[in-house]
**Q** 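Supplied in structure tokens, the structure appears directly below.
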Amino acid sequence: MDMPIEPWAYIFVFLCMFFFSLSSFLNFRVIPKVSSDDLFEKTITKYSKYIFYINLIATLYLGYKLGFSSITFSSISQLSERMNVISSMRYTGEEDYLPLFNRVVNSLVYATLGFDGLVMAQKTNLRRFNNLILINVQTFLTNTKATLVFGIAFWIAGYLTGYNYYDKRIKIKDVFILLLSSIGLITIVVLINYLRHRGIYSLYEELNTILVAYLIGPFSAFSIWFQNFHLNELGLGENTFSCIFRILGLKEQSHGEFVIINGQLTNVYTVFKHLIIDYSYFGTIIVMAVIGFIANIIDAYVISNNRKAVGFSISIVSFILVSFFSSIFRYTTNIVAIFIIIAFPFVLNLRSFRNE
């Protein structure tokens with residue numbers, strides 16, 4: 001696709017992945033397997049249903065606040081005009097375009113998606129896609145791909161964790177479902193761009209834009225940035241965890257500058273940009289090695305059916321899945337969701353203890 005390549009950038013990423021993989025094999029801890037009960041799955045199913053209804057109300061409320069009505073969907077021109085207005089809100093810095101109510105609900109939804117994916121690995125149930133479908137609707141309303149990326153990341157992270165937790169093996173059916181789901185999601189994003197641009201560009205051109213700007217382009221953008229970056233001082237987390245620093249009033253959150261990749265604009269540079277600015281080149285390799293080591297320990301507990309480890313596993317896998325896009329910890333909604341994901345199994349354990 002005629003993408004710019006800086007060899008040293010890819011060598012650096014390879015070193016990060018090598019030490020991440022190496023450290024994940026250094027811990028050979030074997031933890032005795034404990035018996036599992038149905039309370040975990042039943043509770044997840046119960047709360048997932050409640051969150052779906054809350055999510056449905058939040059989605060309708062969001063559409064109302066963003067100015068959508070029956071007239072909006074009466075023609076492509078009306079729909080395109082409304083989507084462009086929303087895009088203008090986002091890119092001009094009007095952060096209130098997404099109401100606080102929806103941000104809070106999204107935290108609950110992201111957490112629920114993680115556990116929906118977890119239980120889906122145990123038993124296929126189309127209801128586990130309900131909240132994910134509403135996330136797609138919200139992506140359409142807000143015209144922002146980040147919402148979709150994070151929602152999918154939490155769901156898949158739960159799904160992959162579930163394979164270890166329930167001692168499952170990947171089947172051809174699972175690969176087929178994942179493939180169809182991926183094609184469907186990409187199609188939705190392409191259609192969103194097609195409508196927003198009022199059909200000026202063909203569906204093929206819009207697909208090429210999505211692939212370059214969000215799936216392939218980030219690596220080339222990181223390559224260009226890596227080639228020109230000069231480290232002055234360490235951020236020590238202010239980029240990787242920028243939302244926390246912003247909430248504490250320590251530093252304003254900043255986003256990457258747009259660069260042109262194969263004729264397409266993107267400001268996505270992968271998580272490695274943030275890690276390097278915060279911890280230097282050598283420090284980033286150490287951070288990746290530490291994450292690999294911790295992930296291996298958590299994985300051992302998940303395999304042993306220790307549900308308190310499930311939340312940590314979903315959080316780490318989500319971080320890895322989003323690494324091509326950005327740091328999952330740069331967004332307040334994600335931080336709250338991760339806190340819920342980690343805390344929920346502990347709260348459930350406390351409830352089980354009190355019922356005994």
Side-chain angles (χ1 to χ4, degrees), residues 51-110 113 129-153 155 181-215 217 253 255-256 258 263-268 325-326 330-334:
I51 296 300
F52 169 73
Y53 293 133
I54 296 174
N55 194 9
L56 180 60
I57 294 172
T59 302
L60 294 173
Y61 174 73
L62 178 64
Y64 168 75
K65 291 294 289 185
L66 293 179
F68 285 90
S69 66
S70 57
I71 299 177
T72 307
F73 297 95
S74 62
S75 66
I76 292 180
S77 61
Q78 290 276 357
L79 186 58
S80 298
E81 182 179 348
R82 174 47 45 187
M83 295 177 76
N84 279 309
V85 169
I86 295 169
S87 294
S88 177
M89 291 181 186
R90 290 172 48 220
Y91 292 115
T92 54
E94 295 182 33
E95 296 185 3
D96 289 339
Y97 82 96
L98 186 61
L100 177 61
F101 172 66
N102 289 94
R103 295 178 187 273
V104 173
V105 171
N106 275 358
S107 295
L108 295 171
V109 172
Y110 286 161
L113 286 173
F129 287 108
N130 286 347
N131 281 299
L132 198 56
I133 290 173
L134 288 181
I135 284 293
N136 277 274
V137 174
Q138 186 179 136
T139 300
F140 179 83
L141 294 176
T142 59
N143 193 22
T144 170
K145 285 77 179 178
T147 303
L148 185 60
V149 168
F150 297 138
I152 293 173
W155 194 95
S181 300
S182 300
I183 293 174
L185 291 171
I186 292 176
T187 301
I188 290 172
V189 175
V190 170
L191 288 175
I192 289 175
N193 271 23
Y194 181 79
L195 291 172
R196 190 185 75 175
H197 297 144
R198 304 185 181 184
I200 296 176
Y201 306 103
S202 68
L203 291 174
Y204 173 78
E205 290 173 317
E206 294 291 4
L207 174 62
N208 181 66
T209 299
I210 295 301
L211 292 177
V212 172
Y214 296 101
L215 296 181
Q253 187 172 12
H255 300 281
F258 281 92
Q264 304 295 338
L265 284 174
T266 182
N267 65 339
V268 179
F325 186 78
S326 180
R330 282 176 60 84
Y331 298 83
T332 310
T333 303
N334 295 340

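Note that this is a predicted model, so its numbers are computed, not measured.
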**Q** Considering non-hydrogen atoms only, spot the tightest contact between Thr333 and Ser107 and give its length.
**A**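 Residues Thr333 and Ser107, closest heavy atoms: O-OG, 3.2 Å.
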
**Q** Please report whether the ring centroid of Phe101 lies less than 6.0 Å from that of Tyr61.
**A**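 Centroid distance Tyr61-Phe101: below 6.0 Å, so yes.
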
**Q** Flag the pair Val104 / Leu100 as yes when at least one side-chain heavy-atom distance between them is below 4.5 Å, and no otherwise.
**A**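 Yes. Closest side-chain heavy atoms under 4.5 Å.
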
**Q** What's the spacing between Leu134 CG and Ile57 CD1 if we round to 0.5 Å?
**A**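 So the gap between those two atoms works out to 11.0 Å.
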
**Q** Using ring pair (Phe, Tyr, Trp, His ring centres under 6.0 Å) as the criterion, point out the one residue from Tyr110, Phe150, Phe325 that pairs with Tyr331.
**A**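 When ring pair (Phe, Tyr, Trp, His ring centres under 6.0 Å) is applied between Tyr331 and each of Tyr110, Phe150, Phe325, only Phe150 qualifies.
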
**Q** What distance separates Ile183 CD1 from Thr187 OG1, expressed to the nearest 0.5 Å?
**A**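 Separation between the atoms: 7.0 Å.
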
**Q** Can you tell me which residue among Asn130, Thr147, Thr59 is in a side chain to side chain contact (heavy atoms under 4.5 Å, CB included) with Ile135?
**A**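 It is Thr147, the one option of Asn130, Thr147, Thr59 that forms the side chain to side chain contact (heavy atoms under 4.5 Å, CB included) with Ile135.
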
**Q** Could you grab the distance from atom CD1 of Ile51 to atom CG of Leu56, nearest 0.5 Å is fine?
**A**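 Those atoms lie 12.5 Å apart.
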
**Q** Can you tell if the side chain of Ile54 reaches within under 4.5 Å of the side chain of Val109, non-hydrogen atoms only?
**A**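 Of all side-chain heavy-atom pairs linking Val109 with Ile54, none is under 4.5 Å.
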
**Q** For Pro99 and Leu62, which heavy atoms make the closest approach, and how far apart are they?
**A**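 Looks like CD-CD1, 3.7 Å.
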
**Q** Rounded to the nearest 0.5 Å, what separation is found between the CG atom of Asn131 and the CG atom of Asn136?
**A**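 Separation between the atoms: 11.5 Å.
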
**Q** Enter the distance from Ile71:CD1 to Arg82:CZ here, rounded to the nearest 0.5 Å.
**A**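 So the CD1 of Ile71 and the CZ of Arg82 are separated by 11.5 Å.
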
**Q** Ignoring hydrogens, what is the shortest heavy-atom contact between Ser326 and Arg330? Give both atom names and the distance.
**A**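 Closest approach of Ser326 to Arg330, heavy atoms only: OG-CD, 3.3 Å.
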
**Q** Ignoring hydrogens and geometry beyond distance, is a side-chain donor-acceptor pair present between Gln138 and Asn106 at under 3.5 Å?
**A**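 Side chains of Gln138 and Asn106: pair found under 3.5 Å.
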
**Q** Please round to the nearest 0.5 Å and tell me the distance separating atom CD of Glu206 and atom OH of Tyr194.
**A**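 The OH atom of Tyr194 is 9.0 Å from CD of Glu206, to the nearest 0.5 Å.
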
